[in-house]
Amino acid sequence: MIAELGLAALWLAAALAGLQLVAGSLGLSTRGAVLGEAVRPVAVVQGGLALLAFACLIYVFAVTDLSVKLVALNSHSMKPLVFKIAGAWGNHEGSMLLWVTVMGLGGAFVALVEKRLPERTMLATLAGQAFVSLGFYAFLLVASNPFERLSPVPVEGNGLNPLLQDLGLAFHPPTLYLGYVGLSIAFSFAIGALVTREVGPAFAKAMRPWVLGAWIFLTMGITAGSYWAYYELGWGGWWFWDPVENASLMPWLAATALLHSCGVLAARNALRAWTIMLGVVAFSMSMIGTFLVRSGILTSVHAFAVDPQRGTFILALLAIYIGGALVLFGLRAATVTEGERFAFVSREGALVVNNVMLSAILGIVLFGTLYPLFAEAMGAKVSVGPPYFNPMSALFAVPMLVVLMVGPLLRWRRDKFARVGRSLVIPAMLVATAGIALLVAGGIALLPWLGLALSAGLGWASILPLKARNLRRTPLPIWGMVVAHFGIAVSLFGMSSESAFSIEKLVAVRAGEVTQVGPWGVKLDTVEPVAGPNWTAMEARLLVRYGVDRKVTRMLPQSRSFWAPPQQTSESALLTRWNGQLYAVLGGEAPKVAGEKQARWQLRLWWKPFAPLIWIGGLLIALGGLLALIGRVAADVRRIVAKDKIAYRREKQGR
Amino acid sequence: MATAARTPLKAKHQRLVLLIGALVVLIGAALLAAWALRNQASYFYVPSEIVATPPEPTRAVRLGGMVENGSLRTAADGVTVNFVVGDGKARVPVTFKGIVPSLFVEGSGVVAEGRMQADGTFVADNLLAKHDENYVPREMQNMTREQAEKVIKETK
C-alpha cells in the first residue's frame, strides 16, 4: 500500500513538473500571462509530492517490506535500523529518487523565497527547472521504478554491500546530491536569464546564495567521501582519482569558478556571458558525473546499475540538456552585452586567472576520466591514475595558488602591484624559507615540496585581507573568504605533509612483538574473534606508545567477514594526535613456516604526519562558504525589510 | 600591462584579449592532457601480450589473468607473496608485498597493477580481485567469461 502511494506521488509529481514547464513557458508570452500565476504553487506542490514519494521509500526500507523488489535486492531484516534507512539511497533507484526529491525541493524553495528577480526571469527559471526534473522523472518511472513489487515475496533480502554499511553512507550521498542538484538551480537561473536576456548584477546576486549553498554541500560531500575512503577501504589513501571521485570533483571545480565569477558579476557587472556559461557547465558536470557513476560504464562500489538501457537513457538526457543549453547559449550569448572593463592588475583580473585555471583543471580531470572510455571504444584497455592527474592538475593549481595570495588584496577595476607589494613580503619570505629548509632536509618529491612551501605563504597571505580592518565590523562574506582561503592552505599542508612524510610498515608479527613505525612503537597484544549483528571478525589488540616513555594506548583494528552478502572488509583503527594519525590495518594470518608454533599476523601500519588537516581544511573551506552565505542572506533580508518599511511609510504619507 | 591600466582598452578589444587568453590556456591544457595521457595511461595486458611485447620497466601497467594452481607461495617475511599469472598461452611470475584481497585464491582471476621488470617478473603494487559477485574489476568481467568458455571447451 505504502509503495503504491509512493509511486502515485511520483507520477503526480511528474505530471505537475509537466504542468510547471508548460505554464512557465506560456506565462512568458503576453497572452498566457495568467498561467504564469500557477507556476510557483505548482513548483511547491511538486516538491512536496517528491518528498512524499521519498518518505514512502524510506518507510518500506525501514520496515523491510520484502515484497518491494528494491528492498529485497538491497536490504536485509537483520541489519541495524540506521543502515536500513540509509540503504534506501544506497542503490540505483533509491539514489535517483533522492536526486529528483532534492531537485523538486530545490525548485519549491526557489518558488517560495526568491523575490528579487523580475517575474519573467523567475518563470523561465522555474520552467527550466521543471524541464530538467521531467527528464529525471521519466527516467525513474520508465527505466528504474523504485516501488516495483516482487512476486513471490522472498523470505529474506540480499543485504547491502558491507562497504556501504557505515555511518558515512548515511550522510555522504545526501550531502553530495544536495550539492549536485543545487547546481541545477544555478543552471535554471542561467537558462532563465538567457531566455529573458536579463544578465546583470541583480541576476548574479539572486543566483549567488544558491551557488554558495550547493558549493558548501559539495565541499562537505567530497571531504566526507574522502575520509570515508581513507578509513573504510583500509588502503591508507585519501584520494585515488577514481572516476567516481572525479565525478564529484568536476562539479566542485566548476562551482568554485562559478562562485568567483558570480562575485565579479555582482560587484562589477563584468564577465556576464562567462558566468552564464559556467552556470551551464557546472550542472552539466553534475549530470556527467551521475552518468559516469550510475550508467554502469565504470565499475566501482558506486556503480549500482549495470543495465545498458539505463546508460542509454541517461546519455540521452545528457545530450538533450547539455546540448540544448549550449545551443541556447550559442544563440543568445552574442546578445548578452559587454560588461564593465577592468585592468589586468585588479581584483577582476585575479579572479579571471582563478576561473581560467579552475577550468583548465576541470578539463584535465574530465579528459583523464573519459579517456579510458574512448580508448576502450577503440579497443584498448587503459586506466588513468595519479601519474597523470597529479602533475597535470598541479601545473595549473600552482599558478592559481600563487595568484590566490595576491588576488584578495587587489582593488576592483584597477590596481598596482606596488601598493600591495609590501604586505606580500612576509608570505614570499615564508615560501622561500620553507622551500629552502625542505630542500636542505632533502628527500622530498617535487609536488609535496611545492605544496608545503606554498601552504606556508598562503596561510599567512589568506588572513591579510583582515589587516587594517575593524574586525567587529568586517562583513561576514569577507570572513567567509578568509576562512575558506585559509582552509585551502590547511588542506594543502595536510596533503603535502601526508605524501612527503608518511611512513609505511608492512609486517607479519607474533603476539608480543613490537614494530617501530616512525615515532611509534606498536606491540601486537592479542588477536581474538568478535561478533557483530551481521558479521564476525578477527580483532587485534595493539598497544601503541608514542616516543619512549609516553602512556600506552589501545587500538583495535578488525578484519570483518559479513555473511549477507558474503564479503570481507578491514576495519582500520585510527589514532589521532595533534601532529598526525597512526593508521593500523589487520590482514590475515601469515602461512606458518615449517617448525613454527605461534601464529603470525599481517599488520599494515602507517604514520601520517598532519594527515587530519586534509579534512579539517576541507571543513574550513565549507565553513567559509557558510559564513559568506549567512552574510549574504542576512544582507538581503535587511534590504527587503528596509524596502518594505520605506514602501509602508510612503503609503502612509501618500494618504 | 601597466600601460593598459592607464589607457583602458576598448570594450571590444578587452573582451577579445580575455577570450583569447582563456582559449590559449584551455587549449594548452587540452594538448597537455592529450600528450600526458599517451605517456601516463596504464595499459591492460594479458600474460601472452606482456611476454610477447614487454613494456619498459618504468611504465605502470596492469596485468590480468588467472592465478595458477599450486603457484602461490608466501615468503619467509610473511607478507610477500609470489605467484604465477597465466592465460593458457603464457605464464608470468608476479611478486606482491602487502595484504592480499580476501577473494584472492589460486585458480581465480586477478588484475595486478605494477611494473614489468627486465628479468621477466611482474612487481605488483596493488592486486584487484573479485570483491564479490556484484563488484568485479571491469577487465575481469570479460576475462572470467573467456575463462568460462575455455573451461567449457576443455571439459567437452
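Side-chain atoms of A/Ser383 and B/Arg62 form a donor-acceptor pair, as typed in the model, at a separation below 3.5 Å. There is a side-chain donor-acceptor pair under 3.5 Å between A/Asn246 and A/Thr369. Of the N and O atoms on the side chains of A/Asn355 and A/Trp274, at least one donor lies less than 3.5 Å from an acceptor on the other residue. Between the side chains of A/Thr275 and A/Ser261, a donor-acceptor pair is found at a separation under 3.5 Å.
Contact annotation for A/Leu395: only side-chain heavy atoms (C-beta onward) come within less than 4.5 Å of a heavy atom of chain B. When heavy atoms are compared at a cutoff of 4.5 Å, A/Phe367 approaches chain B by way of both its backbone and its side chain. Proximity to chain B (any heavy atom under 4.5 Å) is shown, for A/Phe417, by neither the backbone nor the side chain. Looking at B/Leu26, only its side chain comes within 4.5 Å of chain A, counting heavy atoms on both sides. Heavy-atom distances place no part of B/Ile27 under 4.5 Å from chain A, backbone and side chain included. The contact between A/Val507 and chain B is made entirely by backbone atoms, counting heavy-atom distances below 4.5 Å.
Atom CZ of A/Phe389 and atom CD1 of A/Ile364 lie 9.5 Å apart (nearest 0.5 Å).
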